[in-house]
Amino acid sequence: MLGRGVRRRAGKGAFVGMGAVSRRGRVVVIGVGVLGACVGWSLSRRGARVVFVDEGQPGGGVTDWSFSWVNASNKTVRKSYFDLNVAGMVAHRELAGIIGPDSWWYPGGHLRWADDPATESRFLKTAELLAAWDYRVELWIGAEVRRRLEPALALPGDVPVLFYPDEAWVHGRHLVARLVGEAVAAGAELRSGTAVCGIDTRTDGSIRSVALSDGNTLEADTVVNAAGPGASRVAGLVARHLPMRREPGVVTRLDCAKVPIRRAMHAPHIELRPDTDSSVVLHSREVDALIDTGEDPAELARLLHTSVRRVVPELGSARIAQTRVSNRPIPADGFPSVGAVASVPGYFEAVSHSGITLGPVIGRLLASEILSGQRDEMLADFRPERFRR
């Protein structure tokens, strides 16, 4: 074992920032993926009047088409970002205790291994760093993994395998449905199938109303931009510049009579996890790189299927059911943009890659900021004001 405990940093020490928003005011949450759902649910629990607005259906966008892996082991580029993701993992466990795990929460750990010495060395070096940061990671060998965890895997008996026992995967669409359902039961409104086409401000620059594509107008004191890949367009409605990366990814679902794996894993050239009792999700950064070459998504799906059958032979007979190419919601520097924008009072952002991991903690911290005016130090490195023209 390389590490014995995950450090749980509470991220307290908030400092006073923007003025608090009255609970009597209306908060319009634009975008009902996992981040928007978590923010809206957290606000609703604290008595805010919430309106969810989504041009599609709740959880039906990128949230439903991501690898949905709850982790901090892949977030070591900056310590503050790692700490935020560890807090996200803790917040997920707390959320499961509050609303129940039902059909959305799947703990059980995560496996990672390589098939070449250079990549293996890099993975082991990262594991040593994580252990030094008190993040639990265990070093197994392939034979032990097959015997104790995943008997369907085809991997060499002596290959080093990293096991991260505190990691999990989430069924994002089910989580969003649960959170939105609870918020609506508590008095929130849901406007799905309609887009935001305008945001009006008062003479002092503060939020006044939100115009919808169905012709309706919502009076509002606060807007939360949680529009995912569309966040830059929404920011532009208040003359805000939010630069975003263009980083598309392809995800494929396989239908199978029985799911032969039990947890999320990164195998050589392929990522896979269960999705339901009869479905598996596939993703690969290597296949993502082919998106802009003009490859047909059906061909990308076949490449993913070919890769996974080398890792789990049973999946060779599975049927490719669905494939989608989606743009990931990643601000230009790769880190979240979360919090108030001082130039537009009442306008807040909740835009990030890794929304599945970060949703519950960002939801809690941003709801507190909106209602109390306090800015938590855990978000200090991820404030929207770093993007200025």
Side-chain angles (χ1 to χ4, degrees), residues 34 61-78 81-82 85 110-127 129-130 137 153 155 159-164 167-170 172 228-229 244-254 261 263-275 280-312 315 320 322-336 352-358:
V34 67
V62 176
T63 292
D64 195 35
W65 291 95
S66 72
F67 191 58
S68 301
W69 164 41
V70 177
N71 82 98
S73 61
N74 209 36
K75 316 293 175 56
T76 58
V77 65
R78 181 185 290 183
Y81 187 51
F82 168 82
N85 279 270
H110 166 255
L111 297 168
R112 184 188 285 273
W113 70 99
D115 63 356
D116 68 274
T119 305
E120 181 179 292
S121 176
R122 178 166 55 85
F123 287 169
L124 293 173
K125 184 177 180 180
T126 298
L129 173 65
L130 290 164
V137 51
L153 292 182
L155 75 166
V159 67
V161 180
L162 294 169
F163 177 48
Y164 294 96
E167 296 181 355
W169 69 271
V170 161
M244 302 283 285
R245 288 184 183 177
R246 183 185 179 279
E247 195 169 314
V250 57
V251 168
T252 286
R253 284 185 166 92
L254 301 180
I261 58 171
R263 55 188 48 79
M265 59 190 79
H266 280 65
H269 317 295
I270 190 74
E271 305 165 16
L272 62 155
R273 66 161 174 84
D275 189 49
V280 172
V281 162
L282 308 180
H283 173 254
S284 168
R285 291 282 181 174
E286 296 173 22
V287 175
D288 284 353
L290 301 175
I291 292 172
D292 286 335
T293 67
E295 288 281 3
D296 182 352
E299 178 58 26
L300 299 178
R302 286 190 287 271
L303 291 172
L304 290 167
H305 195 196
T306 297
S307 290
V308 80
R309 62 166 56 108
R310 299 188 188 110
V311 178
V312 185
L315 292 175
I320 296 173
Q322 296 174 298
T323 300
R324 183 176 296 184
V325 175
S326 303
N327 284 320
R328 299 183 179 94
I330 309 177
D333 62 2
F335 295 106
S352 182
H353 188 34
S354 298
I356 289 289
T357 297
L358 296 176

Contacts of His353 that satisfy side-chain hydrogen bond (donor to acceptor under 3.5 Å, both in side chains) - sequence neighbours left out: none
With sequence neighbours excluded, residues passing salt bridge (Lys or Arg N to Asp or Glu O under 4.0 Å) with Arg310: none
Residues which pass ring pair (Phe, Tyr, Trp, His ring centres under 6.0 Å) with Trp169, listed by chain and number, not counting sequence neighbours: Tyr106
Any residue meeting side chain to side chain contact (heavy atoms under 4.5 Å, CB included) with Val62, in chain and number order, not counting sequence neighbours: Pro229, Ser326, Pro329
Counterpart residues, side chain to side chain contact (heavy atoms under 4.5 Å, CB included), relative to Leu129 (two or more places apart): Thr76, Trp133
Set of side chain to side chain contact (heavy atoms under 4.5 Å, CB included) partners for Ala267, sequence neighbours left out: Trp113, Ile270, Leu272, Val311
Set of residues satisfying salt bridge (Lys or Arg N to Asp or Glu O under 4.0 Å) with respect to Arg302, sequence neighbours excluded: Glu299
Residues forming a salt bridge (Lys or Arg N to Asp or Glu O under 4.0 Å) with Arg253, sequence neighbours excluded: Asp64, Asp275
Test side chain to side chain contact (heavy atoms under 4.5 Å, CB included) applied to Ser73 - qualifying residues, sequence neighbours left out: Trp69, Asn71, Leu130, Tyr135, Tyr164, Glu167
Residues in side-chain hydrogen bond (donor to acceptor under 3.5 Å, both in side chains) contact with Glu286, at least two apart in sequence or another chain: His269
Results of side-chain hydrogen bond (donor to acceptor under 3.5 Å, both in side chains) for Thr63 - residues two or more places apart only: none
Partner residues of Ser66 under the side-chain hydrogen bond (donor to acceptor under 3.5 Å, both in side chains) criterion, sequence neighbours left out: Ser68
